[in-house]
Amino acid sequence: LVATHYKVCGEGMVDEQTPASVINPENLEQSFSHVKRLVSNQAEHIRHLLPPSLQKRLTAAEHVEARFLLNPPTKPWPATRQEQEASCEPIYVRPPVFVKARSAGSPLC
């Protein structure tokens, strides 16, 4: 489970400046003991995975606002144009494809 911590206040959620963390399912109750409410846009899909004490605190959300995910405290936005361009370089990964070699004079079909 990957969790991000926010405080709910007047107009929405405020990032607690805590980096997202990966939580072992066996440690869920201990990890969320201080949390009043869990919010997920996939609540019905994960509810059965939670212990009963946390199921009661799980709330369904229609969507997760992207603005809360766009500015993680551990990964600041690039400061210069060069850093921006370097951070946007695509990475293309594909499985290797092996094709039987043909002679130059053979038809394509």
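Every heavy atom of this structure was used, including side-chain atoms; hydrogens, water molecules and symmetry mates were not.
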- Message: Counting neighbours of CD on Gln30 that are heavy atoms of other residues, nucleotides or ligands and sit closer than 6.0 Å, is the number greater than 12?
- Response: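 Counting other residues, nucleotides and ligands, CD of Gln30 stays at 12 neighbours or fewer.
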- Return each pair, listed once, that meets side-chain hydrogen bond (donor to acceptor under 3.5 Å, both in side chains) where at least one residue sits in residues 41-55; pairs must be two or more places apart or across chains.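 Those involving residues 41-55 are Glu29-Ser53, Glu44-Arg47.
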- Query: With Glu62, which residues qualify under salt bridge (Lys or Arg N to Asp or Glu O under 4.0 Å), at least two apart?
  - Reply: none
- The reported gap from CG in Leu28 to CG in Leu38 (rounded to nearest 0.5 angstrom) is 9.0 Å
- Query: Considering residues at least two apart in sequence or located in another chain, which fulfil the side-chain contact (heavy atoms from CB on, under 4.5 Å) criterion with Ser33?
  - Reply: none
- Item | Least distance between heavy atoms, Arg57 atom then Lys36 atom | CD-O, 3.4 Å
- Query: Does Arg37 reach the main-chain N or O of Leu58 with its side chain, forming a donor-acceptor pair under 3.5 Å?
  - Reply: no
